Amino acid sequence: MMPLVCNEAVALFFMFDLSRPATLASIRQWYMEARKLNKRAIPFLIGTKFDIFSSMQQSHKEEMTKQ
């Protein structure tokens, strides 16, 4: 499905869950796959669930921002 979505896109939106570090790790692979198909599209990284993230412990917040 990725070729169908990426081939003629002008922007690529990569969304991940700020409360789950594993979702950010998945973005790296998706980004590499998408760039193979479309090198001109502008990539955007979007963190979701900021409301949950903002109420988490400081150690979790630091872990997410260091990835």
Side-chain angles (χ1 to χ4, degrees):
M1 182 163 196
M2 181 112 37
L4 178 65
V5 175
C6 290
N7 283 340
E8 296 183 29
V10 294
L12 301 169
F13 295 95
F14 297 95
M15 299 175 73
F16 70 100
D17 182 343
L18 285 163
S19 65
R20 295 178 48 222
T23 61
L24 181 55
S26 298
I27 294 290
R28 289 186 181 108
Q29 182 61 35
W30 298 340
Y31 174 80
M32 292 185 331
E33 289 178 29
R35 289 314 254 182
K36 288 177 189 174
L37 299 168
N38 186 332
K39 295 188 187 331
R40 293 175 298 178
I42 300 168
F44 291 90
L45 181 62
I46 303 166
T48 64
K49 300 187 181 176
F50 184 77
D51 55 331
I52 297 170
F53 176 77
S54 65
S55 65
M56 298 183 102
Q57 292 181 354
Q58 186 63 28
S59 60
H60 175 78
K61 293 177 188 178
E62 289 173 3
E63 178 187 343
M64 285 300 288
T65 58
K66 289 180 183 178
Q67 289 192 26

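Nothing here was measured: the structure is a model prediction, and the numbers come from that model.
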If a pair satisfies side chain to side chain donor-acceptor pair (under 3.5 Å) and one of its residues is in residues 37-56, list it, with sequence neighbours excluded. Asp17-Lys49

Starting from Leu45, can I reach Phe50 by hopping between I/L/V/M/F/W/Y residues whose side chains sit under 4.5 Å apart? yes

Starting at CD1 of Ile52, measure out to OG of Ser19 and round the result to the nearest 0.5 Å. 5.0 Å

Please report the interatomic distance CG(Leu24) to CG(Leu18), rounded to the nearest 0.5 Å. 8.5 Å

I'd like to check the side chain to side chain contact (heavy atoms under 4.5 Å, CB included) partners of Gln58; sequence neighbours left out, ordered by chain and number. Lys61, Glu62

Mind jotting down which residue pairs meet the salt bridge (charged side-chain N to carboxylate O under 4.0 Å, His left out) criterion with at least one end in residues 19-31? Sequence neighbours excluded, please. none

Under 4.5 Å side-chain linkage, directly or through intermediates, the cluster mates of Ile42: Phe13, Met15, Phe44, Ile46

How long is the gap from SG on Cys6 to CD on Glu33, to the nearest 0.5 Å? 9.0 Å

In chain order, what residues pass the side chain to side chain contact (heavy atoms under 4.5 Å, CB included) check against Tyr31, with sequence neighbours excluded? Phe14, Arg35, Pro43

Give the minimum heavy-atom separation between Ala11 and Ala41, together with the two atoms involved. N-CB, 3.9 Å

